[in-house]
Amino acid sequence: MISAKEIIGLIDSPSREDILLVESAYEFAEKAHERHERFSGEPYFIHLTETAKILAEYGMSATTIAAGLLHDSIEDTEVTEEMLKEKFGPEILFLIDGVTKLGQLKYRGSDRHNESLRKLFVAMSEDIRVLMIKLADRLHNMRTLFHVPKEKQKRIAAETLEIYAPIAYRLGIRKLSRELEDLAFPYVYPAEAKRLKELTRERYDKNLEGLEKFLKSVKKALAKEGITKVRTEYRVKGLYSLHKKLLIKKKDPDQVFDVLALRIIVPQITDCYQILGIIHGIWRPLPGRIKDYIAFPKPNGYQALQTTVFTGDGSIVEVQIKTEEMHRHAEYGIASHMSYKLGNVAGKVPESLQWIKHLLPKQLSKDTASVTSKTFSKNKDVPQWIKEIVEHHNIEDDNEKFREGLRSDFFEHRIFVFSPKGDVVDLPRASTPVDFAYSIHSDIGNHMAGAKVNGKLVSLDTALHNGDIVDITTKTGAKPSTKWLEYAKTTSAKHKIRSAVHKRENKKN
Ligand code: MN
C-alpha cells in the first residue's frame with residue numbers, strides 16, 4: 001500500500017498545509033473504506049492511494065490529491081456531503097461532487113453519440129481538476145480491470161477507448177491517453193491486440209539487444225564530442241496507435257519501423273542538430289526518413305529531429321532527438337517554448353482554446369456565501385503544464401470541431417440530456433420537455449401527452465438540466481397547444497408547434 005508520505009513525496013515543495021491536508025484525507029479515506037473491498041479482494045483503499053499517486057505524478061495540487069483520496073467516499077460509504085464539507089471545505093467537496101456526477105454518465109455503446117458524450121463529459125466536469133481525478137481514477141481501474149467480472153470488462157474498456165482516452169488526448173495529455181488506450185485495446189479488440197502483440201514482441205526481442213548496444217556506442221560517441229548532458233530512453237510504440245496506423249494507412253506491419261525508438265533528450269536545440277550530425281557521421285541513415293520537425297513542427301505542435309539509421313548489425317533504429325521542453329510538450333501537451341507569465345492565464349487566451357480556459361478553477365462565488373469567505377484557490381491549483389495548454393495555439397487538428405462545440409458560451413448556453421435509451425440530445429439551457437420531444441421527432445412533439453424526468457412525472461414547462469433522462473409519453477389523440485409556445489426555448493420547436501396549430505385551425509375552417 002502506498003503511504004501518505006510517498007504521495008506527499010511526489011508533490012513539488014509542499015507547504016505545511018499541503019502535507020496536513022493530504023495526511024488527513026488519507027486517514028479519513030482509509031477509515032471510511034475500512035470494510036470495503038475491490039473485485040480483487042484487496043482493500044478498496046488501495047484504489048484511492050493509487051489514484052492519488054497518479055494525480056501527484058501529474059503535478060496536481062494537494063487539494064486535488066486530497067479530493068482524489070476521497071473521490072469514492074460519497075458514493076460508496078456512509079460519509080455524507082456535510083461531513084466532507086465540514087472537514088475539508090467547499091472546494092474539495094465541489095471536486096468530489098464533480099467526480100461523482102461524472103460517474104453517473106455511462107457509455108452505452110453507440111458510436112453515433114460518442115462525440116456528444118465526450119462533450120457532455122467535459123461540460124459536466126466544469127473544472128479541469130475534476131477531469132484529472134476522473135482520468136486518474138479510470139487509469140487505475142484499467143490497470144486492474146483484469147479482476148473485474150468478464151461481462152463488465154468490455155463495456156468499461158470500450159468506454160475508455162471511446163471517451164476517456166480521446167479526452168486525455170484532446171487535453172494534450174498523450175502519456176495518459178496512450179496508457180489508457182493500450183490497457184483497453186486487448187479487451188475491445190482481442191484478436192487484433194494479440195496479433196500486434198506477437199508481431200511487436202518478435203521485433204522487440206530481436207531489436208532490444210541491438211538497441212542497447214547501439215545506445216552504448218551513441219553515448220560513447222557523444223561523450224567523445226564533449227556532450228554528456230543527455231538523457232536517453234527507448235520506447236515501444238503503443239499497440240493501439242499502431243493498430244490505428246495500420247488501419248488508416250492500410251500498411252503492411254513489416255513496413256512499420258518505429259516499433260522501437262530511441263529518444264535522446266538534451267538541454268538545447270543546438271545540441272539536437274549537433275547530435276544528429278554526430279550520429280549520421282557514424283551510422284548510415286535510411287534515405288527519406290530524416291525529418292526536421294524542429295524547423296517544421298507537425299501541425300499538432302510536435303517537435304523533434306528524427307532519423308532512422310542502420311546500426312551495423314543488420315537492424316535499423318529510429319532515433320528522436322529533442323529538448324526537454326519538446327519532450328514534455330509531446331507528453332503533456334504543452335508548448336514550453338512560449339514564455340508564460342504566472343497569473344496571466346485569464347488574460348490573453350486564444351479563442352480557439354477558450355474551452356480549456358473554461359475548465360480552470362473558478363471562484364466559488366454563489367455557493368460560499370454561507371460558508372465563510374473561503375474561495376477556490378484560483379489558478380495556483382493547476383499545474384504549469386495545464387496552464388500552458390491554454391497558452392498553446394494549436395493543439396490538434398481534430399480538436400477543431402470539438403472546440404467549436406465547447407467554446408466558453410457553449411457551457412453557459414447548452415445542456416445535454418438523455419433519452420431513456422441513452423441517446424444524447426443537446427439543447428439550449430432552460431429547455432423543457434417540449435423542446436426535447438420536438439428535437440427527437442416532430443411526431444413525438446405533436447403527440448406528446450406527458451413527460452417524466454429521471455423517472456418522475458413533471459409539467460411540460462419544467463426546465464431540464466445536464467444529465468437528465470427525459471421520457472416522453474405520446475398518445476394518438478394528443479395535440480400541441482399554443483401554450484406550448486411559451487414553454488419552448490428552441491426556435492425549431494416553436495416553429496413546429498405553430499405549424500401544427502395552423503394546420504389544425506385550417507382544417508376546422
Ligand atoms: Mn474510483
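Residue indices begin at 1 and follow the sequence shown. Bear in mind the structure is a predicted one, so any value in this text is a computation, not a measurement. What's counted below: heavy atoms across the whole structure, side chains too, no hydrogens, waters or symmetry copies. Order of appearance sets the numbers: ligands from 1, and atoms from 1 within every ligand.
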ask   = With Thr490, which residues qualify under side chain to side chain donor-acceptor pair (under 3.5 Å), at least two apart?
value = Asp435

remark   = Sorted by chain and number, sequence neighbours left out, side chain to side chain donor-acceptor pair (under 3.5 Å) with Glu30 holds for none

task = Sequence neighbours left out, what passes salt bridge (charged side-chain N to carboxylate O under 4.0 Å, His left out) with Glu50? Give chain and number order.
result = none

note = Counting only protein N, O or S atoms (no waters) closer than 2.8 Å to the Mn ion (ligand 1) gives 4

key: Presence of salt bridge, Lys175 and Glu179, under 4.0 angstrom   = no

query = Are any side-chain N or O atoms of Asp468 and backbone N or O atoms of Val417, one a donor and one an acceptor, separated by less than 3.5 Å?
reply =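 Flag not set: sc Asp468 to bb Val417 has no pair under 3.5 Å.
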
query = Parallel, tilted or perpendicular: which describes the rings of Tyr44 and His36, with under 30° parallel and over 60° perpendicular?
reply = parallel

